[in-house]
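The figures here come from the full heavy-atom set of this structure, side chains too, leaving out hydrogens, waters and symmetry mates. Position 1 is the first residue of the sequence, and the numbers go up from there.
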Amino acid sequence: MQPEPNIRPAMASDEFALFTLVNQLHASISVEKAQFEAVFTTVLREPYHCCLVIETDSEVVGYASGYRHVNLASGGQVAFLDEIVINPALRGRGLGRCLMTAFERWASEHGCKLVALATGGARGFYQQLGYHSRAGYYKKLLK
């Protein structure tokens, strides 16, 4: 029987593990170590940001990162999930579901009315969790 995963807020000591995971997120985008360090420090101290890690056997094997903001159309706070990644060797074991539940709990505790996200290849995962697509989402990398 597998031990229960531990989910907790990210800490500065998680930097190397998250840097490794973040570069598994997008095949087309590579994050430089110095850039990551600067942004990670900001994420940890930003009160509107949520960065959670999931551990198995005291090892960080995934993370979820997002933020909350006021949204006119919803009439209040909404949470937006920017990133979620699980070590590829451990996918399909419910760890992503656990992280999503924890992120949703954080959003609810902060008065958010909904959680929004964008995805390309994980539609089925989010649909199983009760998410519905309502609009296209576009990105443009700026130089």
Side-chain angles (χ1 to χ4, degrees), residues 1-71 74 76-143:
M1 186 171 166
Q2 295 280 21
E4 278 293 309
N6 179 45
I7 299 175
R8 60 172 174 76
M11 303 180 297
S13 59
D14 298 320
E15 184 178 299
F16 179 76
L18 268 65
F19 176 69
T20 301
L21 289 164
V22 78
N23 277 303
Q24 296 173 2
L25 190 59
H26 299 289
S28 62
I29 301 173
S30 177
V31 179
E32 299 292 328
K33 182 84 166 113
Q35 292 172 317
F36 178 83
E37 289 171 355
V39 172
F40 185 59
T41 300
T42 301
V43 163
L44 291 181
R45 72 172 180 255
E46 170 60 52
Y48 292 98
H49 206 99
C50 175
C51 187
L52 302 171
V53 298
I54 187 165
E55 300 172 309
T56 59
D57 298 323
S58 300
E59 178 186 351
V60 173
V61 296
Y63 77 93
S65 181
Y67 59 93
R68 62 187 168 93
H69 64 282
V70 176
N71 178 276
S74 69
Q77 292 274 331
V78 300
F80 192 88
L81 181 74
D82 279 326
E83 307 161 17
I84 184 171
V85 64
I86 300 293
N87 179 323
L90 299 174
R91 292 180 185 160
R93 299 182 186 188
L95 298 173
R97 178 181 293 274
C98 291
L99 261 178
M100 285 300 298
T101 299
F103 185 80
E104 290 168 0
R105 185 172 30 255
W106 172 84
S108 180
E109 289 169 357
H110 286 87
C112 295
K113 296 183 175 236
L114 63 90
V115 173
L117 57 91
T119 188
R123 287 183 180 96
F125 170 73
Y126 295 110
Q127 288 170 345
Q128 288 177 355
L129 297 176
Y131 286 80
H132 304 280
S133 178
R134 293 198 18 112
Y137 181 82
Y138 295 86
K139 290 183 181 181
K140 179 180 180 181
L141 289 175
L142 303 175
K143 297 177 186 181

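With sequence neighbours excluded, the residues satisfying side chain to side chain donor-acceptor pair (under 3.5 Å) with Glu55 are Asn6, Arg8. For Phe19, the ring pair (Phe, Tyr, Trp, His ring centres under 6.0 Å) criterion is met by Phe36, not counting sequence neighbours. Not counting sequence neighbours, the partners of His69 by the ring pair (Phe, Tyr, Trp, His ring centres under 6.0 Å) test are Tyr67. Annotation: salt bridge (Lys or Arg N to Asp or Glu O under 4.0 Å) contacts of Glu59 (sequence neighbours excluded): none.
For the atom pair NZ of Lys33 and CG of Asn23, the computed distance is 10.0 Å after rounding to the nearest 0.5 Å. Here Leu81 contributes atom CG and Leu52 contributes atom CG; the two are 9.5 Å apart, rounded to the nearest 0.5 Å. Put simply, CG on Leu18 and CD on Glu37 are 12.5 Å apart, with the number rounded to the nearest 0.5 Å. Going from atom CG of Leu95 over to atom CG of Leu90 covers 6.0 Å, rounded to the nearest 0.5 Å. One finds the CZ atom of Phe40 at 15.5 Å from the CD atom of Gln35 (value rounded to the nearest 0.5 Å). Interatomic distance, CD1 of Ile7 versus SG of Cys98, reported as 5.0 Å (0.5 Å rounding).
For the pair Ala10 and Val53, the tightest heavy-atom approach, listed with the atom from each and the gap, is CB-CG1, 3.9 Å. Heavy-atom minimum distance, Ile86 versus Arg91: O-NE, 2.8 Å. Shown here for Pro5 and Thr56, the closest heavy-atom pair between the two residues is CB-CG2, 4.2 Å.
The side-chain heavy atoms of Val85 and Val22, taken from C-beta on, include no pair separated by under 4.5 Å.
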**Request:** Step by step, work out the side-chain contact (heavy atoms from CB on, under 4.5 Å) result for Val60 and Leu21.
**Result:** CA-CA 9 Å; Val60 173; Leu21 289 164; 4.2 Å; yes
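Screening residues 39-53 for side chain to side chain donor-acceptor pair (under 3.5 Å), with sequence neighbours left out, gives His49-Ser65.
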Let me have the donor-acceptor pairs involving side chains of residues 103-117, under 3.5 Å, with sequence neighbours excluded, atom names and distances please.
unit_1	atom_1	unit_2	atom_2	d
Glu104	OE2	Tyr131	OH	2.6
Trp106	NE1	His110	ND1	3.3
His110	ND1	Trp106	O	2.8

